[in-house]
Amino acid sequence: MTKLVLDPDRSRVRIRTFAEGLFARLAHDLELVCRDVSGSGERMSPEQGSARVEVPIGKIDVAGTLRDGQVDPKGLSASDREDCLGKMRKDVFHAGDGALVRVEATVEAGKARVRIIPPSGRTVERPVSVRLEPEGESGARVTGSFDLSLSALGSDPVKGPMNAFRVKDSVEVRFELVFAEPG
């Protein structure tokens, strides 16, 4: 068994949200990026391992708006970005900047069992197809994506002004995590 640590500079976690409702065309689909992610893992074999990852809620940021699958980093004003992030912290996670979302996963033969543990809410488990590749001499790169229900996490509905639109309950989580030996 090889002990590993998450390399935050080479890892990426992104969340895509989608608007729905009567005036959804006036709203924005968004991509959020999770910064300063930390974690550790263990590699038992080339196709088997486990990991624990922590995502600081205060370090989740709006990467931009989505148009035809492409991210436009200038699609929102600074005040709209802050409004989106405030709603996320209050309505989705019911927590402040210092709170963490914890993720625990076990991987075997391209299949992962992922547990998402929000700071205030319900733990959600999901099966996820992943790609596990060697990284360097003994490290690992894990990539994949999955849909996650906000209501399953205990989120309140996220709505726009005067209930003109809402954020779709299902968000898409995309990840590329790189683990390496410590030091």
Side-chain angles (χ1 to χ4, degrees), residues 6 8-37 39 53-97 99-103 105 112 114-131 141-178:
L6 182 75
D9 295 330
R10 296 190 298 155
S11 298
R12 290 176 38 143
V13 178
R14 297 169 290 151
I15 303 165
R16 290 186 167 193
T17 67
F18 306 95
E20 65 180 4
L22 184 60
F23 295 105
R25 295 182 63 84
L26 302 175
H28 299 286
D29 295 337
L30 300 176
E31 181 170 283
L32 306 174
V33 62
C34 303
R35 303 186 195 288
D36 295 342
V37 177
V53 176
E54 293 184 340
V55 179
I57 291 173
K59 296 294 183 168
I60 298 175
D61 195 10
V62 177
T65 58
L66 290 170
R67 291 221 192 276
D68 300 323
Q70 299 298 313
V71 178
D72 177 4
K74 297 178 182 176
L76 286 181
S77 68
S79 64
D80 285 344
R81 286 175 185 262
E82 282 306 311
D83 184 47
C84 290
L85 296 172
K87 283 182 180 290
M88 175 202 56
R89 292 176 189 124
K90 178 180 172 252
D91 295 341
V92 175
F93 293 114
H94 307 286
D97 285 352
L100 298 169
V101 175
R102 290 180 173 77
V103 180
V114 177
R115 291 181 72 217
I116 297 101
I117 307 159
S120 303
R122 298 183 287 260
T123 298
V124 175
E125 282 197 35
R126 302 271 311 152
V128 177
S129 293
V130 298
R131 199 161 99 209
R141 178 180 299 269
V142 185
T143 57
S145 67
F146 60 95
D147 290 338
L148 180 64
S149 164
L150 295 178
S151 61
L153 289 173
S155 171
D156 294 336
V158 181
K159 302 173 187 174
M162 298 187 315
N163 216 8
F165 67 90
R166 65 192 162 281
V167 173
K168 190 175 178 182
D169 179 58
S170 181
V171 299
E172 180 183 328
V173 179
R174 297 178 174 196
F175 59 91
E176 179 178 6
L177 303 172
V178 177

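We're numbering straight along the sequence, starting at 1.
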Would you say that Ser11 contacts Leu6 through its side chain, given a criterion of any heavy-atom pair below 4.5 Å between the two side chains? yes
Qualifying residues under side-chain hydrogen bond (donor to acceptor under 3.5 Å, both in side chains), relative to Asp147, sequence neighbours excluded: none
Do Pro119 and Val101 have side chains that approach each other closer than 4.5 Å (heavy atoms only, starting at C-beta)? yes
Name the atoms and distances for all side-chain donor-acceptor pairs under 3.5 Å in residues 54-71, with sequence neighbours left out.
unit_1 : atom_1 : unit_2 : atom_2 : d
Glu54  : OE2    : Arg102 : NE     : 3.3
Lys59  : NZ     : Asp36  : OD2    : 3.4

Assess whether side-chain contact (heavy atoms from CB on, under 4.5 Å) is satisfied between Val178 and Asp9, documenting all intermediate values. CA-CA 9 Å; Val178 177; Asp9 295 330; over 6 Å; no
Cys34 versus Ile15: any side-chain heavy-atom pair under 4.5 Å? yes
Going from CZ on Arg35 to CZ on Arg12, what distance comes out if it is rounded to the nearest 0.5 angstrom? 10.0 Å
Please step through salt bridge (charged side-chain N to carboxylate O under 4.0 Å, His left out) for the pair Asp29 and Arg16, ending with a clear verdict. CA-CA 7 Å; Asp29 295 337; Arg16 290 186 167 193; over 6 Å; no
What are the two closest non-hydrogen atoms of Val171 and Lys168, and how far apart are they? CG1-O, 4.3 Å
Where is the tightest heavy-atom contact between Arg81 and Lys74, given as atom of each residue plus distance? NH2-N, 4.5 Å
Which distance, rounded to the nearest 0.5 Å, do you find between the OG of Ser155 and the CE of Met88? 11.0 Å
So how far is it from Leu150 CG to Phe93 CZ, rounded to the nearest 0.5 Å? 8.0 Å
Find the distance between OG (Ser145) and CZ (Arg131) and round it off to the nearest 0.5 Å. 11.5 Å
Please name all residues satisfying side-chain hydrogen bond (donor to acceptor under 3.5 Å, both in side chains) with Arg14, sequence neighbours left out, ordered by chain then number. none
Quick one: are Asp80 and His28 in side-chain contact, heavy atoms under 4.5 Å? no
Closest heavy-atom pair and its distance - Leu30, Cys84: CD1-SG, 3.7 Å
Taking every heavy atom of Ala99 against every heavy atom of Ala95, the minimum-distance pair comes out as CB-CB, 3.5 Å
Could you tell me if the side chain of Asp97 sits less than 4.5 Å from the side chain of Arg89, heavy atoms only? yes
Asp156 vs His94 side-chain heavy atoms within contact, under 4.5 Å: yes
Looking at CG of Leu32 and OG1 of Thr17, how far apart are the two atoms once the value is rounded to the nearest 0.5 Å? 5.5 Å
Nearest-0.5 Å distance that lies between atom CZ in Arg174 and atom CZ in Phe146: 12.5 Å
Side-chain heavy-atom pair Val114, Phe175 within 4.5 angstrom cut-off: no
Main chain of Glu176, side chain of Arg10: is a donor-acceptor contact present, judged purely on distance under 3.5 Å? no
